[in-house]
Protein chains: 2
Amino acid sequence: MPRASAEDAARTARSILDTATALFAESGFAAVALEDVAAAAGVTRGAVYHHYGSKRGLFAAVVAHLQERVASAVVAAADQAGADASAQLRAGCIAFLDAVTDASAVRTLLVDAPAVIGWAEWRQLDAEHSVVHLREALAAAGVTGALLEPLTAMLSGAMNDAALWLAGHPGDSAARAAAHRSLAILLDAALASAS
Amino acid sequence: MPRASAEDAARTARSILDTATALFAESGFAAVALEDVAAAAGVTRGAVYHHYGSKRGLFAAVVAHLQERVASAVVAAADQAGADASAQLRAGCIAFLDAVTDASAVRTLLVDAPAVIGWAEWRQLDAEHSVVHLREALAAAGVTGALLEPLTAMLSGAMNDAALWLAGHPGDSAARAAAHRSLAILLDAALASAS
DNA sequence: TTCCTTTACGTACAGGATGTATGTAAAACT
DNA sequence: AGTTTTACATACATCCTGTACGTAAAGGAA
């Protein structure tokens, strides 16, 4: 069998990534066999191993891609929220909830990722993407050194669980509004703790 | 080969449970083979399947056992905190952090469990054990119906991530103090939101 | 006590999934 | 034009779960 051009190869890799993203989101990491991914993408497992090295490697690529999408949504929302730091924080958090739940990537990003790639590594990846802005916003608001780390971690955890809770109430605008209000309460408290 | 008395059988089951608890905490669910558990417990996989049915069944039993330990610690601390509801809440949360991190069960309870037994089921199990008291305390403090669920979920998530963060700073009393202060800030805000 | 059923395992086997080694043909560079 | 590297497919080794079956003793019934 032939070999594809560099362009076709990139397309193959992308196809595998998209297929894997959908299957992981639908069935979870453990229940998806690489054979399923390969078949759905129209290739064999050889192609998957060539491009991603291992099942975990493929999963890590999926996670990174999803995180980039979420992070860009957060940044865009924050940029659009004007110059006020706390307004940017609030807008970014809302955007995070929207992006994470809408992508139907909740399971992959928030449930499977910590278990598969390890909590510490996941935490670090997360910290480099979406959580940076949370941390920086808290720091800009004057949260002292000792509380910055734990408050960031706890608010991040609160938002993750809010997203998971929201994912269990799809299309429920009242639930979404309640989550936003709850989030505002906690964020205000964290910001107020600095002064 | 012989058969053991009912008493011996219970001891075997318990030995398997304890061994599995240690191995799951150390290496994570996916990296532990039932052969490892059986060998470390001095039996064969047959015994494991006899008592727990499947790998997930064994894991579920481990999770249930750990949750009971944590829950009893939370209840004991709350009972000892006097009659004030908010004081009970605070004491219970501190006890939760201590119990979860001390048991070296952070990984099993907070990282692996949602992925292995499914987030929804884990959430329900969690809600029936430790989170009940959080929800009841918030309700007793007058948190309205619409906010009760999301606030409970978010505070639970905040505490879980606080525990995970603390697990990364073992023996660091300054970190523990900072986590306690951060927790107090969020709890106070939630309680204050009711009035 | 004797018989029968059930329990508590051990053993052997089947199936599926990951990962690796190898083959191959075309693309890409020299 | 020749050589190397890329992009896969194929075949194989290995491991792990789960199940089927065997077995011997415990526990109750007669």
Side-chain angles (χ1 to χ4, degrees), chain A residues 1-63 108 112-113 115-118, chain B residues 1-63 108 112-113 115-118:
Chain A
M1 230 84 152
R3 178 193 165 192
S5 72
E7 195 173 309
D8 286 345
R11 191 170 320 181
T12 302
R14 179 58 184 265
S15 165
I16 291 171
L17 192 78
D18 291 343
T19 304
T21 301
L23 291 181
F24 284 149
E26 189 184 334
S27 311
F29 176 81
V32 173
L34 287 189
E35 177 79 31
D36 304 339
V37 177
V43 294
T44 65
R45 282 177 32 240
V48 179
Y49 277 97
H50 173 70
H51 284 289
Y52 297 101
S54 69
K55 190 184 180 185
R56 289 182 56 176
L58 173 60
F59 185 79
V62 167
V63 166
T108 298
D112 283 350
V116 173
I117 71 183
Chain B
M1 230 87 151
R3 178 193 164 191
S5 72
E7 195 174 307
D8 285 347
R11 192 171 317 181
T12 301
R14 179 57 185 264
S15 165
I16 292 171
L17 191 79
D18 291 343
T19 305
T21 301
L23 290 181
F24 284 148
E26 188 185 334
S27 311
F29 177 81
V32 173
L34 288 189
E35 177 79 32
D36 304 339
V37 177
V43 294
T44 66
R45 283 177 30 238
V48 178
Y49 277 98
H50 174 70
H51 284 289
Y52 298 101
S54 70
K55 191 184 179 184
R56 289 182 57 178
L58 173 61
F59 184 79
V62 168
V63 167
T108 298
D112 282 350
V116 173
I117 71 183

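These numbers come from the heavy atoms of this one structure, side chains and all, not from hydrogens, waters or symmetry mates. Every chain is numbered from 1 and lettered A, B, ... according to where its sequence line falls, protein lines coming before strand lines.
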Review point. What integer distance in Å separates A:Arg45:CZ from C:dT20:P?
Key: 11 Å
Review point. Are side-chain heavy atoms of A:Val63 and A:Phe24 found at a separation under 4.5 Å?
Key: no
Exercise for review: Using a cut-off of strictly less than 4.0 Å, decide whether B:His51 has a side-chain nitrogen or oxygen near OP1 or OP2 of C:dC9.
Suggested key: yes
Point to revise | Whole-Å gap separating P (D:dT17) and CG (B:Leu34) | key: 5 Å
Review point. Distance check: side-chain N/O of B:His50 vs OP1/OP2 of C:dA8, anything under 4.0 Å?
Key: yes
Review point. B:Val32 near the nucleic acid: base, sugar-phosphate alone, or nothing, with a heavy-atom cut-off under 4.0 Å?
Key: sugar-phosphate
Review point. Within less than 4.0 Å of OP1 or OP2 of D:dA7, is there a side-chain N or O belonging to A:Thr12?
Key: no
Check your understanding: Can a side chain N or O of A:Ser54 be found less than 4.0 Å away from OP1 or OP2 on C:dT18?
Key -> no
**Study point:** Residue closer to the 5' end of DNA chain C, A:Asp36 versus B:Ala10 (nearest nucleotide)
**Key:** B:Ala10
Exercise for review: Please examine the side chains of B:Val37 and B:Val32, heavy atoms only from C-beta on, and report whether any two atoms are closer than 4.5 Å.
Suggested key: yes
Review point. Tell me: OH of B:Tyr49 to C1' of D:dT19, nearest whole Å?
Key: 9 Å
Point to revise | With B:Phe29, the side chain to side chain contact (heavy atoms under 4.5 Å, CB included) member among B:Leu58, B:Asp112, B:Ile117 | key: B:Asp112
Revision key, fill the gap. Rounded to the nearest 0.5 angstrom, the CG-CG distance for B:Asp18 and B:Leu23 is 11.0 Å
